[in-house]
Student: 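One structure follows; several queries about it will come next.
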Amino acid sequence: MGAGRGGQHGTGAAQGGQTVGARGPQKDEGSVPGADTLEDAIAKVRERLARAGHVAVLTGAGMSAESGVPTFRGEDGLWRNHRAEDLATPEAFARDPKLVWEWYDWRRGLIAGCVPNPGHKALAGLEEREPGLTLVTQNVDGLHALAGSRDPVEMHGNIWKVRCTGCQRVSEDRRVPIPILPHCGVCGGVLRPHIVWFGEALDPGILERAFGAFEYADVALIVGTSGVVQPAASLAGIARRAGAFVVEVNPDAAGDAAAVDVALAGKAGEVLPRLVPD
Ligand code: OAD
């Protein structure tokens, strides 16, 4: 991840914007006079989506929370109980590959029992109707593809892929549990998770697709991310500055008018299905 990764960079959710609760319809209790009801805001977003040539979606851990995949920074978030430096850095893997693999093996076992939620399915449905949609995810769980999204841009890799530390070959590996340490079938080198760890660079091709999608988006949806990890955290701002209509979906969204046009304060699995026409 590049130099900025881990920097405190927000996608929004402060004061002043238009926030609409997901339990509506009710009048917004946020600070914008005359803010829409949830129904109105959803209708507005649907209308924007219908007119959009290009739609860019960024998802984070909150997207999979309703599927049972833990987030990183929430109440029971993974980084509340584990130190990222011990488990998700190249230095940690060099120091203790067994410990790192044990943690990933635990996460793989957990994710193996999870299925896509209505929010994942709604985004796959939206893609059917919007051929110009690019789905960018920070999630490594593979649930977007399971829900039917065709080619999600996985910024941080995929937990079901491994990479050889010797020959660099990337392959799919769905073994649960995985033998620790796993070895490459081609060269015998030690395998590592195909995940972008703190301090590592993102794949340039992946970055180009992600940034390109947000630069050219007419509508950008930012779903279930705390917006603190770069470079993903800058995508909403890039879209906004280029003139996109930016929508945030997050139960903690508070609507920062400088960062988003509409903040829908609700769960991805409840709000996203309402954005997609029947
Ligand atoms: P975080 O755990 O930082 O943030 C999760 C966000 O999801 C929070 O803003 C929650 O309010 C929101 N949320 C919780 N439940 C939700 C729901 N049902 N619907 C919608 N939103 C909900 O996760 P990320 O922002 O994805 O990197 O974290 C970014 C990166 O940090 C991860 O990709 C990971 C981590 O270090 C790697 O592991 C490479």
Side-chain angles (χ1 to χ4, degrees), residues 1-2 4-14 19 21-23 57-90 92-93 100 103-104 107-108 111 114 116-120 122-123 136-144 152-159 161 192-203 206 210 221-236 247-256 259-260 263-275:
M1 202 76 25
R5 192 180 196 280
Q8 301 299 305
H9 220 110
T11 52
T19 305
R23 310 246 172 262
V57 184
L58 172 69
T59 66
M63 179 78 229
S64 297
E66 290 153 88
S67 295
V69 182
T71 63
F72 291 91
R73 297 172 183 82
E75 219 169 273
D76 298 316
L78 295 173
W79 296 151
R80 296 281 174 128
N81 304 310
H82 305 277
R83 279 158 37 100
E85 308 85 292
D86 293 338
L87 299 165
T89 63
F93 191 71
V100 172
W103 188 64
Y104 276 96
R107 284 181 64 198
R108 285 160 60 108
I111 291 168
C114 297
N117 66 56
H120 292 104
L123 289 180
V136 179
T137 186
Q138 297 166 89
N139 300 344
V140 298
D141 54 33
L143 291 181
H144 281 302
V153 181
E154 295 178 318
M155 287 189 94
H156 295 167
N158 187 303
I159 204 159
K161 290 182 182 168
R192 59 163 279 178
H194 188 51
I195 302 270
V196 183
W197 284 328
F198 286 96
E200 293 187 316
L202 276 80
D203 179 287
I206 297 264
L221 302 181
I222 310 296
V223 184
T225 178
S226 56
V228 298
V229 172
Q230 293 291 2
S234 48
L235 292 173
V247 180
E248 184 177 21
V249 178
N250 191 317
D252 285 348
D256 178 356
V260 300
L264 301 173
K267 294 181 174 179
E270 293 171 8
V271 172
L272 291 175
R274 302 179 66 181
L275 297 183

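In each ligand, atom 1 is the first atom listed, and ligand 1 is the first ligand listed. Computed from a predicted model, the values in this text were never measured in an experiment. Scope of the values below: all heavy atoms of this structure, side chains included, with no hydrogens, waters or symmetry mates.
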Student: Is it the case that the side chains of Q138 and T59 hold a donor-acceptor pair, with the cut-off being a distance below 3.5 Å and no angle test?
Tutor: no
Student: Does any N/O atom on A61 come nearer than 3.5 Å to any N/O atom on ligand 1?
Tutor: yes
Student: Using heavy-atom distances, let me know which of A265, A268, A88, S226 sits nearest atom 19 (N) of ligand 1.
Tutor: A268
Student: Where is the tightest heavy-atom contact between S67 and C114, given as atom of each residue plus distance?
Tutor: O-SG, 3.3 Å
Student: Numbering the atoms of ligand 1 from 1, which are under 4.0 Å from a heavy atom of E66?
Tutor: 17 (C), 18 (N), 19 (N)
Student: In Å and rounded to the nearest 0.5 Å, what is the OG to NE2 distance from S64 to H144?
Tutor: 6.0 Å
Student: Can you tell which part of V229 has a heavy atom less than 4.0 Å from ligand 1: side chain, backbone, both or neither?
Tutor: side chain
Student: Which atoms of ligand 1 have any heavy atom of G60 under 4.0 Å away?
Tutor: 26 (O)
Student: Using a 4.0 Å cut-off to any heavy atom of F198, which atoms of ligand 1 qualify?
Tutor: 36 (O)
Student: Using a strict 4.0 Å cut-off to heavy atoms of D252, name the atoms of ligand 1 that fall inside it.
Tutor: 11 (O)
Student: Could you give the distance from CG (L87) to CZ (F93), rounded to the nearest 0.5 Å?
Tutor: 12.0 Å
Student: How far does CG of L78 sit from CZ of R83, to the nearest 0.5 angstrom?
Tutor: 15.5 Å
Student: Does P251 come within less than 4.0 Å of ligand 1, judged by its heavy atoms?
Tutor: yes
Student: Near G224, which atoms of ligand 1 are under 4.0 Å from a heavy atom of that residue?
Tutor: 5 (C), 6 (C), 7 (O), 20 (C), 21 (N)
Student: For atom 28 (O) of ligand 1, state which one of R73, R80, Q138, H156 supplies the nearest heavy atom.
Tutor: R73
Student: Report yes if some N/O of K267 lies less than 3.5 Å from some N/O of ligand 1; otherwise report no.
Tutor: no
Student: For W103, is the NZ or CZ atom of R108 found under 6.0 angstrom from the centre of its six-membered ring and inside 45 degrees of the ring axis?
Tutor: no
Student: Relative to atom 15 (N) of ligand 1, which among A65, G266, G157 owns the nearest non-hydrogen atom?
Tutor: A65
Student: How does V196 reach ligand 1, by side chain, by backbone, by both or by neither, if only non-hydrogen atoms under 4.0 Å count?
Tutor: backbone
